[in-house]
Amino acid sequence: MKMLAFKTTTHEAQPARIGAPVSAADMEALLEVPGPVEVETIGADWEAPITGLLNIKHPKAVAAGITDHKEPIKIYTHVVRHPTQGFFLVDTGVSRRLVEDPVGVGIGLMLRKYGGIEKMHAQQSTAEIIAAQGVPLNGVFLTHLHLDHVSGLPDVPKNVPIYTGADEAEASLFLNLFAQGTNNHLLAGRPPLQELQFIKDPGGTLEGVNDVFGDGSFFAILTPGHTTGHLSFLARTDAGPVLMTGDVSHTRWGWDNGVEPGTYMQEREPSIKSLLALKALSERHPNMTVKLGHQA
């Protein structure tokens, strides 16, 4: 029996009111057709140990001579604009409030000590990104519930719905003992998490796909491994499809060489499977723009 104390968060979650499962084949049939969504990616500077970001014991990494070091990376938010559904964020960027007053926004002791918050440097805070759009934020799509992907939540209005993968909140892991309290504080006073729903993809090329707005313009892809309910997102834009991998791949070298993340994951085999499935998807659609978890 899973222990309540080790859940990612005890914040209430419920099936999302938007989105419906579709097959990967149905999604892919649309990917050569320009779409209506606009995507803008904004990054904040950060760094992390390469051993977390990349499996440096992989034969390719060993052959490349990659050794332990601090790797410069980014914390991204993707601004998604839909002509009728409005403005959304994929992941949250960085709130300056969180960096300057982590205690005040509810960051727990262990994450304050070991989470690298002092290394986060946002050229544009989440609050500034939202204000620059000039329209209300209609929702936040989270790839997963790790600190560097929810670090903009202090700037997100409390009434804005937050969408996650199914079972992301309930996933049980020992390290959640240190993250659960922080997630609970950041989600306090907000509506229940909206969990996008999936069925097993009948073709087996992906784990599952959800047509988020119901018009074939924006998809959530179930990509477990880094976390149980990890999601990647794909938008159809006028310049071609844009894939936001989340932490299926943190680094450009890892993506280019098909090498999975290092210690920053829940389960290795699903993580490898998700990485290779997304790489194969991008190779079937050469006009696809790929936006990785933490590097361009």
Side-chain angles (χ1 to χ4, degrees), residues 15-41 76-92 138-144 149 161-168 193-249 255 270 273-293:
R17 298 185 180 94
I18 64 172
V22 296
S23 71
D26 287 341
M27 176 185 74
E28 288 199 56
L30 298 171
L31 296 189
E32 304 308 313
V33 182
V37 176
E38 296 177 350
V39 177
E40 178 187 6
T41 299
Y76 289 120
T77 185
H78 307 284
V79 175
V80 172
R81 306 181 192 92
H82 186 282
T84 61
Q85 300 297 322
F87 151 51
F88 297 80
L89 295 177
V90 172
D91 290 332
T92 64
N138 284 348
V140 173
F141 297 104
L142 291 177
T143 58
H144 60 297
H149 295 260
I162 297 172
Y163 300 90
T164 69
D167 298 325
E168 174 68 12
L193 293 171
Q194 301 290 301
E195 296 189 331
L196 296 169
Q197 302 298 298
F198 296 86
I199 59 173
K200 186 71 174 178
D201 180 49
T205 57
L206 297 168
E207 284 295 307
V209 177
N210 184 294
D211 183 352
V212 175
F213 298 134
D215 62 357
S217 67
F218 184 69
F219 299 93
I221 303 172
L222 183 60
T223 47
H226 185 69
T227 63
T228 299
H230 187 282
L231 300 180
S232 304
F233 293 92
L234 192 150
R236 287 177 49 234
T237 77
D238 62 1
V242 176
L243 174 65
M244 293 155 269
T245 71
D247 284 358
V248 168
S249 182
W255 175 264
K273 183 178 179 182
S274 291
L275 170 61
L276 297 180
L278 289 190
K279 276 186 66 67
L281 174 67
S282 71
E283 288 163 1
R284 291 193 295 273
H285 302 277
N287 63 333
M288 182 178 292
T289 298
V290 178
K291 295 179 178 285
L292 303 176

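When atom types are taken as modelled, the side chain of Asp91 and the backbone of Leu142 share no donor-acceptor pair closer than 3.5 angstrom. In this structure a side-chain-to-backbone donor-acceptor pair under 3.5 Å is missing from Gln85 to Pro83. Looking only at distances, a side-chain donor or acceptor of Asp211 sits under 3.5 Å from a matching main-chain atom of Gly216. No side-chain donor-acceptor contact under 3.5 Å links Thr245 to the backbone of Val248. Remark: the backbone N or O of Leu292 is not paired with any side-chain donor or acceptor of Ser249 at under 3.5 angstrom. Looking only at distances, no side-chain donor or acceptor of Thr223 sits under 3.5 Å from a matching main-chain atom of Ser274.
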Taking it one step at a time, do Val79 and Arg81 satisfy side chain to side chain contact (heavy atoms under 4.5 Å, CB included)? CA-CA 7 Å; Val79 175; Arg81 306 181 192 92; 4.0 Å; yes

What do the steps show when you test Phe218 against Phe88 for ring-ring contact (aromatic ring centres under 6.0 Å, His included), and what is the final call? CA-CA 11 Å; Phe218 184 69; Phe88 297 80; 7.5 Å; no

Which is it for Thr228 and His144 under the side chain to side chain contact (heavy atoms under 4.5 Å, CB included) test, yes or no, and what are the steps along the way? CA-CA 9 Å; Thr228 299; His144 60 297; over 6 Å; no

Stepwise side chain to side chain donor-acceptor pair (under 3.5 Å) test for His285 and Glu32: CA-CA 8 Å; His285 302 277; Glu32 304 308 313; 2.5 Å; yes

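Using a 3.5 Å distance cut-off with no hydrogens or angles, the side chains of Glu168 and Thr227 do pair a donor with an acceptor. Counted by atom type alone, Asn138 and His82 present zero donor-acceptor pairs between their side chains at under 3.5 Å.
Summarising the geometry of Gln194 relative to Ala16, their closest heavy-atom pair is OE1-CA, 3.4 Å, with the distance given to 0.1 Å. Minimum heavy-atom separation, Gly293 to Asp247: CA-OD1, 3.7 Å. Closest of all the heavy-atom pairs between Asp215 and Arg236 is O-NH1, 4.4 Å. Nearest heavy-atom pair across Gly246 and Thr143 is CA-CG2, 3.9 Å. When all heavy atoms are compared, the tightest approach of Val37 to Ala235 is CG1-CB, 3.8 Å. Counting all heavy atoms, side chain and backbone alike, Val209 lies closest to Phe198 at N-CD2, 3.6 Å.
Summarising the geometry, atom NE2 belonging to His149 is positioned 11.0 Å from atom OG1 belonging to Thr77; distances are rounded to the nearest 0.5 Å. Atoms CD1 and CD, from Ile18 and Gln197 in turn, are 11.5 Å apart once rounded to the nearest 0.5 Å. With rounding to the nearest 0.5 Å, the separation of CG in Asp167 from CG in Leu222 is 9.0 Å. The distance from the CD atom of Glu283 to the CG atom of Leu278 is 11.0 Å, given to the nearest 0.5 Å. Residue Leu231 holds its CG atom at 9.5 Å from CD1 of Ile221, rounded to the nearest 0.5 Å. Taking CG of Leu31 as the start and OG of Ser282 as the end, the distance is 11.5 Å to the nearest 0.5 Å.
Residues Pro161 and Val140 are not in side-chain contact: their nearest non-hydrogen atoms beyond the backbone lie 4.5 Å or more apart. In this structure, Lys291 and Leu243 have side chains that are not in contact, with every pair of non-hydrogen atoms separated by 4.5 Å or more. The side-chain heavy atoms of Pro224 and Glu207, taken from C-beta on, include a pair separated by under 4.5 Å. For the pair His78/Glu40, no side-chain contact is recorded, criterion being any heavy-atom separation below 4.5 Å from C-beta on. Residues Asn287 and Pro241 meet the side-chain proximity criterion, which asks for heavy atoms closer than 4.5 Å. Between Met244 and Val290 the shortest side-chain heavy-atom distance does not fall below 4.5 Å.
Applying the 6.0 Å contact sphere to NZ of Lys279 captures more than 12 heavy atoms from other residues, nucleotides or ligands.
Among the candidates Phe141, Phe213, Phe219, the single residue satisfying the ring pair (Phe, Tyr, Trp, His ring centres under 6.0 Å) test with Phe233 is Phe141.
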